[in-house]
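Position 1 is the first residue of the sequence; numbering continues from there. Quick caveat, the model's predicted, so the values are computed rather than measured. Computed over heavy atoms, backbone and side chain alike; hydrogens, waters and symmetry mates excluded.
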Amino acid sequence: MVKELDVKVSEVIERTAHVKSFRFLVTGEHDFKAGQWMLVNLNSDPELKRSLSISSSPTEPGYIEFTKKITQSDFSQKLSMLRTGDSISVKFPFGKFIYEDGFPKIVFLSGGIGITPVRSICQSIVDRKLSADVVLLYGNNSEADIAFRDDFDRMQVKYPNLRVVHILMCANANWTGRRGLIDAKVVKEEIPDYLERRFYTCGPPAMVQAMEAILLQELKVKKGSLIKESFSGY
C-alpha cells in the first residue's frame with residue numbers, strides 16, 4: 001500500500017563527489033520491496049518533486065535511504081543543500097524492478113547512478129542469505145565515480161555467490177580491472193552461462209537501450225529474461 005510521510009533528514013552521506021544519499025528514520029517494518037522507488041518532494045512546488053530509487057534494503061532496520069546524482073538542475077541543487085533535521089515529503093513504494101521469485105541465477109548490468117536499486121536488491125539477497133548466484137557488471141567513467149564500492153566489497157566477503165565486476169571508461173594507469181563499455185564480449189567472458197540467467201539492467205536511458213540491444217539481438221537472450229529500468233539525469 002502506498003503511503004505518504006513527512007519526514008526529517010537524519011543523515012546525508014557523500015557516496016562520490018557527485019552522488020549523495022539521504023536517510024530518514026522510520027519505525028516498524030519497512031513497507032517496500034528491494035529495488036522500488038519513491039516520490040520525493042522538497043516543498044509544495046510540484047516542480048521540485050522527483051522519482052528516486054530507494055538505495056537501502058528492507059532488511060536494514062530503522063531508516064530508509066534514497067540516493068541521487070547531484071546535477072545542475074534546481075531539484076538537485078536544492079536537494080544537495082538539505083541538512084540533518086530538514087523536512088521533506090516522501091511517497092512510496094512504486095516500481096516493479098524487484099527480485100522476489102527466487103530465480104537461481106541473475107545478472108545486473110548497471111551504469112552510474114543506476115546502481116541505486118541494484119544496491120538495495122543485492123543487500124537484501126545478502127542479508128536474507130538467499131541461494132541466488134549473482135553477477136554485477138557495473139560501468140562508470142572513472143574509479144572515483146564508483147558509488148557504494150565499499151558496500152559491495154563487504155557484500156562479496158559476506159556472500160560468496162555475489163561477484164562484482166567494475167568496468168571503467170577512463171581508468172588511470174594503476175587500474176587492473178576491465179576498461180571500456182559493457183558489451184557482448186564482456187558478458188560472454190565474465191558470464192559464460194549467461195543464457196541460463198535473468199538479466200536486470202538499470203541506468204541512463206541510452207545505456208539501458210544499448211544493453212537491451214546487446215542482450216536480445218547479439219546474445220539472443222529471451223525477452224522474458226530481461227527486466228529493465230531507466231533513470232533520466234535530472
Side-chain angles (χ1 to χ4, degrees), residues 1-5 21-22 24 26 29-41 49-60 63-69 89-128 130-139 147-148 151-152 155 162 164 182 187 191 194-217 219 221-234:
M1 183 176 69
V2 175
K3 61 182 180 181
E4 190 165 4
L5 301 174
S21 294
F22 301 84
F24 56 90
V26 293
E29 294 187 3
H30 290 321
D31 295 324
F32 71 94
K33 295 177 181 178
Q36 290 189 301
W37 53 272
M38 61 172 50
L39 284 172
V40 178
N41 192 356
K49 180 186 295 184
R50 295 290 186 272
S51 304
L52 300 174
S53 283
I54 302 171
S55 51
S56 57
S57 166
T59 57
E60 297 175 296
Y63 68 89
I64 297 179
E65 169 189 294
F66 62 86
T67 301
K68 170 107 172 52
K69 180 177 181 180
S89 296
V90 294
K91 187 176 182 179
F92 68 97
F94 302 97
K96 298 180 180 179
F97 191 79
I98 57 177
Y99 172 76
E100 62 175 356
D101 62 358
F103 202 83
K105 293 184 177 183
I106 60 176
V107 178
F108 293 102
L109 306 179
S110 183
I113 195 61
I115 196 66
T116 51
V118 177
R119 190 269 173 200
S120 175
I121 296 172
C122 286
Q123 188 67 61
S124 175
I125 289 173
V126 171
D127 288 343
R128 293 162 62 197
L130 302 182
S131 59
D133 184 299
V134 184
V135 180
L136 163 61
L137 303 186
Y138 183 22
F148 299 108
D151 284 6
F152 281 109
M155 287 185 214
L162 169 64
V164 180
I182 300 173
V187 173
I191 315 166
Y194 66 90
L195 287 176
E196 301 173 12
R197 294 176 178 265
R198 177 167 293 175
F199 284 81
Y200 291 74
T201 181
C202 188
M207 179 201 167
V208 172
Q209 291 171 10
M211 292 301 98
E212 183 175 15
I214 289 169
L215 293 173
L216 301 184
Q217 298 172 23
L219 297 175
V221 171
K222 294 180 180 179
K223 191 171 184 179
S225 295
L226 173 61
I227 298 172
K228 58 185 180 178
E229 187 158 271
S230 297
F231 285 174
S232 297
Y234 39 68

Test side chain to side chain contact (heavy atoms under 4.5 Å, CB included) applied to I98 - qualifying residues, sequence neighbours left out: K33, Q36, E100
What pairs with L195 under side chain to side chain contact (heavy atoms under 4.5 Å, CB included), at least two apart in sequence or on another chain? V221
Among residues at least two apart in sequence or on other chains, which ones pass side chain to side chain donor-acceptor pair (under 3.5 Å) with S120? none
Partners meeting side chain to side chain donor-acceptor pair (under 3.5 Å) with S89 (sequence neighbours left out): D6
Does K3 have any salt bridge (charged side-chain N to carboxylate O under 4.0 Å, His left out) partners at least two apart in sequence or in another chain, and if so, which? D31
Closest heavy-atom pair and its distance - L219, V187: CD1-CG1, 3.6 Å
In terms of heavy-atom contacts, K96 and I227 come closest through O-CG2, 4.4 Å
Those residues at least two apart in sequence (or on a different chain) that pass side chain to side chain donor-acceptor pair (under 3.5 Å) with S225 are none
Pairwise distance OG1(T67) to CZ(F148) - rounded to 0.5 angstrom: 3.5 Å
Roughly how far, to the nearest 0.5 Å, is the OG atom of S57 from the CD1 atom of I64? 10.5 Å
Could you pull out every donor-acceptor pair under 3.5 Å between side chains of residues 102-119 and any protein atom, sequence neighbours left out?
{"residue": "K105", "atom": "NZ", "partner": "D193", "partner atom": "OD2", "Å": "2.9"}
{"residue": "K105", "atom": "NZ", "partner": "E196", "partner atom": "OE1", "Å": "2.7"}
{"residue": "S110", "atom": "OG", "partner": "G114", "partner atom": "O", "Å": "3.2"}
{"residue": "S110", "atom": "OG", "partner": "I115", "partner atom": "N", "Å": "3.2"}
{"residue": "S110", "atom": "OG", "partner": "C202", "partner atom": "O", "Å": "3.4"}
{"residue": "T116", "atom": "OG1", "partner": "I113", "partner atom": "O", "Å": "3.3"}
{"residue": "R119", "atom": "NE", "partner": "D151", "partner atom": "OD2", "Å": "3.1"}
{"residue": "R119", "atom": "NH1", "partner": "S55", "partner atom": "O", "Å": "3.2"}
{"residue": "R119", "atom": "NH1", "partner": "E60", "partner atom": "OE1", "Å": "2.7"}
{"residue": "R119", "atom": "NH1", "partner": "E60", "partner atom": "OE2", "Å": "3.4"}
{"residue": "R119", "atom": "NH2", "partner": "E60", "partner atom": "OE2", "Å": "3.0"}
{"residue": "R119", "atom": "NH2", "partner": "Q123", "partner atom": "OE1", "Å": "3.4"}
{"residue": "R119", "atom": "NH2", "partner": "D151", "partner atom": "OD2", "Å": "3.1"}

Heavy-atom closest pair, residues G95 and W37: CA-NE1, 3.4 Å
R198: what forms a salt bridge (charged side-chain N to carboxylate O under 4.0 Å, His left out) with it, not counting sequence neighbours? D101
Test of understanding: with side chain to side chain contact (heavy atoms under 4.5 Å, CB included), list the residues that count as partners of V208, not counting sequence neighbours. T201, K228, S230
Residues in side chain to side chain contact (heavy atoms under 4.5 Å, CB included) contact with K91, at least two apart in sequence or another chain: V2, E4, L39, F94
State which residues pass ring pair (Phe, Tyr, Trp, His ring centres under 6.0 Å) with F92; sequence neighbours excluded, sorted by chain then number. none
What residues form a ring pair (Phe, Tyr, Trp, His ring centres under 6.0 Å) with Y99, not counting sequence neighbours? none
Can you find a pair of side-chain heavy atoms, one from Y194 and one from F199, that are under 4.5 Å apart? yes
In the structure I gave you, are the side-chain heavy atoms of I125 and L162 within less than 4.5 Å of one another anywhere? no
Say you draw a straight line from OH of Y63 to OG of S56; how long is it, rounded to the nearest 0.5 Å? 6.0 Å
Going by heavy atoms in the side chains, are E229 and S53 under 4.5 Å from each other? yes
Do R197 and V135 pass the side chain to side chain contact (heavy atoms under 4.5 Å, CB included) test, and can you show the C-alpha distance, the side-chain angles, and the key distance before you say yes or no? CA-CA 10 Å; R197 294 176 178 265; V135 180; 3.9 Å; yes
Identify the two heavy atoms, one from M211 and one from I182, that lie closest to each other, and give their separation to 0.1 Å. CE-O, 3.2 Å
